[in-house]
Amino acid sequence: MMRIGLVGCGHIGTVHAVALQQLADAALIDGRLTATFDDDPARAAKVARHQGGEPKQSLEALLDEVDVVWVCTWTAAHLAAVEAAADRGLAIFCEKPLAPDLATAVRVGAALERVPHQVGLVLRWAPVFRNIATTVASAAYGPALAAVMRDDQYFPVQGLYGSTWRGDVAHAGGGTVIEHSIHDVDVVRWTLGDPVEVSARTASRFGYPGIEDTAAATFTYADGSIAQLTSVWHQVLSRESSRRLEVFCEKAMLWTDDDYLGPVHVLTDDGELLVEAEAPAWSERFTLPAVYAKALAQYAEPSKSFLDSLVQLRAQGSADPTTIGHPRAGDALAAHRLVDAIYRSAADGGTPKSVN
Ligand SMILES: NC(=O)c1ccc[n+]([C@@H]2O[C@H](COP(=O)([O-])OP(=O)(O)OC[C@H]3O[C@@H](n4cnc5c(N)ncnc54)[C@H](O)[C@@H]3O)[C@@H](O)[C@H]2O)c1
């Protein structure tokens, strides 16, 4: 059995703990949460009480007793936890963003590459974006010409998130672009590939220095296609988090306003096709109301895949650890480079920047 340690027992750490508990209780994984640690001991104790495991007094005490670590601290603390776990050769699941800035993200990525790992860019597992990316890659409707991604969320120092660190640039690295839209940047890159140039403007209106709440970025591609991202943190508390993606191909428009199952709308000269998807059938074994089971499956599916791979690696011994985990540090770093280009362009009045 894989012994799982959770480092950082706040919002997303608790979501992962619930997912791991549901997977373990339904015998869907050969693993279980066995240890928790948080700088705030009450949080580690609470997750352990409800989702299992033993609260530990230090990171090192947790690392002593686990096989794999879920790093779910706020962004600025990822590096220390990831390096400590990698130094022991432990497998690591690291939440996104890897770090508050590109240079530190490169260090986190280097540590992750030393061990079997996976990154929490969870939209890579959303059937709706997989359908769009594979359809565009198939060129069934001709080449992609343009894409528009809109992501809006209420300023997340309140409500569900309730995390003051999201208003502190030293902890978060920035606002809506790095903290939330790194997911969108990754999806756009997945769909259209790497742009050659990025230009962007950002604004910050809610009184948190260095935390942009509005951003508009343009990605230009070698073949002339263009993608645009608008990312907003507003104060509409009834809009928790919402995404819309439109992709124009030569012979079709594909769009969705759901970021998990879709449907994808495919508009062509022949009419409109709806491409629907289902949550994994095994999520029906979760002991939660169906609506929560489906929402949790977004996090449970990548976790199950990662743990299944680790169990297989342990059984086979010789399997190649560099093939384990999806997405991996390389994809996360590519998204960080685009985020960095957005910030560099915005700081330079919107001047286009090449992507390093
Ligand atoms: N993939 C996703 O969908 C998703 C969703 C939400 C958050 N996140 C990411 O997850 C991370 C955590 O976000 P959150 O919303 O859970 O924040 P949070 O504030 O709810 O939880 C963070 C926890 O980390 C703890 N912590 C901070 N430094 C620590 C350290 N050195 N050692 C141990 N614990 C420490 C804090 O005490 C807190 O309990 C962030 O990087 C965020 O960007 C990802």
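Every number for a ligand or one of its atoms is a count from 1 in the order of the listing.
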Original post:
How far is atom 21 (O) of ligand 1 from its nearest protein heavy atom, and which residue and atom is that?
Top reply: Gly10 CA, 3.3 Å
Original post:
With a 4.0 Å cut-off, would you call Arg43 and Asp38 a salt bridge?
Top reply: no
Original post:
So which protein heavy atom does atom 43 (O) of ligand 1 come closest to, and at what separation?
Top reply: Glu179 OE1, 2.7 Å
Original post:
So which heavy atom in the protein is nearest atom 3 (O) of ligand 1, and how far is it from that ligand atom?
Top reply: Tyr299 OH, 3.0 Å
Subject >> Proximity winner for atom 18 (P) of ligand 1, if only heavy atoms of Trp165, Phe37, Trp74 are counted >> reply: Trp165
Original post:
Salt bridge or not for Glu179 and Lys96, using N-O below 4.0 Å?
Top reply: yes
Subject >> Which residue and heavy atom of the protein sit nearest atom 38 (C) of ligand 1, plus the separation >> reply: Arg43 NH1, 3.3 Å
Subject >> Within reach of ligand 1, part of His11 (heavy-atom separation under 4.0 Å) >> reply: both
Original post:
In Å and rounded to the nearest 0.5 Å, what is the CH2 to CD1 distance from Trp233 to Ile211?
Top reply: 6.5 Å
Original post:
When you check the gap from the basic side-chain N to the acidic O, do Arg243 and Asp258 get nearer than 4.0 Å?
Top reply: no
Original post:
Any idea which part of His183 is under 4.0 Å from ligand 1, heavy-atom wise: side chain, backbone, both or neither?
Top reply: side chain
**OP:** Check each atom of ligand 1 against the heavy atoms of Ser163 and keep those under 4.0 Å away; list them by number with element.
**Re:** 19 (O)
**OP:** Identify, for atom 16 (O) of ligand 1, the protein heavy atom at the shortest distance, and state residue, atom and that distance.
**Re:** Ile12 N, 2.8 Å
Original post:
Would you call Asp64 and Arg88 a salt bridge, taking side-chain N to carboxylate O under 4.0 Å as the test?
Top reply: yes
Subject >> For atom 37 (O) of ligand 1, the option (of Asp39, Asp40, Val71, Asp38) bearing the nearest heavy atom >> reply: Asp38
Original post:
Tell me: protein heavy atom nearest atom 8 (N) of ligand 1, and distance?
Top reply: Lys96 NZ, 3.8 Å
Original post:
Between Ala81 and ligand 1, which part of the residue brings a heavy atom under 4.0 Å of the ligand: side chain, backbone, both or neither?
Top reply: neither
Subject >> Sub-4.0 Å heavy-atom contact, Arg166 with ligand 1 >> reply: yes
**OP:** Examine the proximity of ligand 1 to Tyr161 and report which part, side chain or backbone, both or neither, has a heavy atom under 4.0 Å away.
**Re:** neither
**OP:** Determine, stepwise, if the pair Lys251 / Asp269 fulfils salt bridge (charged side-chain N to carboxylate O under 4.0 Å, His left out).
**Re:** CA-CA 8 Å; Lys251 293 282 190 184; Asp269 285 342; 5.2 Å; no
Subject >> Side chains of Arg314 and Asp67 in contact at under 4.5 Å (non-hydrogen atoms) >> reply: yes
Original post:
With a 3.5 Å cut-off and no angle check, do the side chains of Glu197 and Tyr221 form a donor-acceptor pair?
Top reply: no
Subject >> Under-4.0 Å salt bridge between Glu113 and Arg328 >> reply: yes
Original post:
Do Ser309 and His326 pass the side-chain hydrogen bond (donor to acceptor under 3.5 Å, both in side chains) test, and can you show the C-alpha distance, the side-chain angles, and the key distance before you say yes or no?
Top reply: CA-CA 10 Å; Ser309 304; His326 173 74; over 6 Å; no
Original post:
What protein heavy atom sits nearest atom 44 (C) of ligand 1, and how far away is it?
Top reply: Glu95 OE1, 3.2 Å
Original post:
Which atoms from ligand 1 have a heavy atom of Thr75 less than 4.0 Å away?
Top reply: 40 (C), 41 (O), 43 (O)
Original post:
Considering only heavy atoms, which of Thr14, Thr73, Val47, Val122 lies nearest to atom 24 (O) of ligand 1?
Top reply: Thr73
